[in-house]
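Report on the structure given below.
Below, all heavy atoms of this structure are taken into account, side chains as well, without hydrogens, waters or symmetry copies. The structure presented is a predicted model; accordingly, all values stated were derived computationally and were not measured.
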Amino acid sequence: MALLLWQTLKEAIHAYTGLSPVVFFTALALAFSIYQVVSGWFASPFDDVRRHQRARSSAAEEAPPIPQPVQVGEITEEELKQYDGSDPQKPLLMAIKHQIYDVTQSRMFYGPGGPYALFAGKDASRALAKMSFEEKDLTWDISGLGPFELEALQDWEYKFKSKYATVGTVKVTVSEAETASVSEPAETDDGDAHVIKQEPTVVDKNLETPAESDVKNE
């Protein structure tokens, strides 16, 4: 039965096209390939939009929702380090001038592997003011900074206040504050400083006081 159908098909192809079955099916496959290429050139721009929308919706479904900011209150610097992004179950926190901000929504910047990951879990006021990535500058101590650096820090503070929720403060002990206050000596202008040095008084033992000379004369 199958052989009979194939024989009938070959006769029909030859009768209507004048081609052998092999040539006919080869030409048919080539025409279909050309159609696919040409139709791609004239694809509707809405197709790309729909593809992007599907990709975005699937990515949104895969990404976990960002939790609402939770107030942590007043915590120490050691406690703040627990919120550096290493634990995905905890919020991602960062502090500027003792104010703690929830930066979980910017995990791609401040989370592990991000360009500013070293600032997470710390009060990085000095580092932000100086735009420094050195370990020694990852501190809240901003003593000795110049006016341009303080202005840059203020810009960072405005940005964080407008974008992120404030969830707590960093507790600084008295000893740490005293250490920061004396960590950098104040600069003085030697030209304006007038220091009066008191010369030591030298007493000549050979000189007699009036009282001693009167006693001897008596």
Side-chain angles (χ1 to χ4, degrees), residues 53 55-190 192-193 195:
Q53 289 177 343
R56 291 178 60 182
S57 60
S58 61
E61 292 175 357
E62 295 176 358
I66 299 175
Q68 292 296 320
V70 178
Q71 295 293 323
V72 296
E74 188 179 40
I75 60 177
T76 63
E77 287 187 285
E78 286 299 321
E79 292 172 329
L80 180 59
K81 292 178 181 179
Q82 300 175 11
Y83 301 94
D84 61 353
S86 56
D87 186 352
Q89 301 301 322
K90 292 183 178 181
L92 185 62
L93 305 182
M94 179 181 162
I96 299 177
K97 295 170 65 175
H98 307 315
Q99 295 294 317
I100 302 174
Y101 300 92
D102 188 326
V103 296
T104 305
Q105 68 187 67
S106 299
R107 185 176 291 272
M108 62 182 299
F109 294 104
Y110 300 101
Y116 303 121
L118 75 168
F119 297 153
K122 302 179 183 69
D123 188 328
S125 300
R126 190 178 190 87
L128 290 174
K130 300 177 64 175
M131 281 310 297
S132 170
F133 292 91
E134 297 185 17
E135 188 72 24
K136 65 178 182 179
D137 291 324
L138 296 175
T139 175
W140 53 266
D141 179 18
I142 57 174
S143 60
L145 295 180
F148 293 105
E149 293 169 330
L150 293 175
E151 184 178 355
L153 179 60
Q154 190 176 46
D155 290 341
W156 277 105
E157 189 177 12
Y158 287 156
K159 174 185 176 182
F160 271 63
K161 283 184 177 180
S162 61
K163 186 174 182 179
Y164 306 114
T166 305
V167 295
T169 56
V170 179
K171 182 180 181 181
V172 180
T173 61
V174 177
S175 59
E176 290 176 336
E178 291 177 348
T179 302
S181 63
V182 300
S183 60
E184 296 187 7
E187 296 182 359
T188 59
D189 188 352
D190 294 334
D192 297 334
V195 180

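- Residues forming a side chain to side chain contact (heavy atoms under 4.5 Å, CB included) with S86 (at least two apart in sequence, or on another chain): D84.
- Between Q105 and K163, the closest side-chain pair of non-hydrogen atoms falls below 4.5 Å.
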Practice task
Could you walk me through whether F109 and V103 pass side chain to side chain contact (heavy atoms under 4.5 Å, CB included), step by step?
Solution key: CA-CA 9 Å; F109 294 104; V103 296; over 6 Å; no
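- G85 and P112 get closest at one heavy-atom pair: O-CG, 3.4 Å.
- When every heavy atom of V170 is checked against every heavy atom of T76, the shortest pair comes out as CG1-C, 4.4 Å.
- Q99 contributes atom CD, which lies 7.5 Å from atom CD of E157 (distance to the nearest 0.5 angstrom).
- Screening Y116, Y83, Y101 against Y110 for a ring-ring contact (aromatic ring centres under 6.0 Å, His included) leaves a single residue, Y116.
- By the side chain to side chain contact (heavy atoms under 4.5 Å, CB included) test, Q82 pairs with K90, sequence neighbours left out.
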Exercise for the section: I would like to know whether E77 and K81 meet salt bridge (charged side-chain N to carboxylate O under 4.0 Å, His left out); could you show each step before the answer? Expected result: CA-CA 6 Å; E77 287 187 285; K81 292 178 181 179; over 6 Å; no
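- When side chains are defined from C-beta on, L153 counts as touching K97, because their heavy atoms get closer than 4.5 Å.
- Between L128 and K159, the closest side-chain pair of non-hydrogen atoms is not below 4.5 Å.
- Not a single donor-acceptor pair under 3.5 Å links the side chain of D137 to the backbone N or O of R126.
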Handout entry: Verdict with supporting geometry, V172 and W140, side chain to side chain contact (heavy atoms under 4.5 Å, CB included)
Key = CA-CA 9 Å; V172 180; W140 53 266; 3.4 Å; yes
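- A pairwise comparison of heavy atoms in K122 and L118 identifies NZ-O, 3.2 Å as the closest pair.
- Here the closest non-hydrogen pair linking Q71 and T166 is NE2-O, 3.1 Å.
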Practice task
Take M94 and Y164 through the test side chain to side chain contact (heavy atoms under 4.5 Å, CB included) and record every step on the way to the result.
Solution key: CA-CA 10 Å; M94 179 181 162; Y164 306 114; over 6 Å; no
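- Taking CD1 of I75 as the reference point, atom CG of L80 lies at 5.0 Å (rounded to 0.5 Å).
- The side chain to side chain contact (heavy atoms under 4.5 Å, CB included) check on T104 picks up I66, P67, P91, L92, D102, R107, with sequence neighbours excluded.
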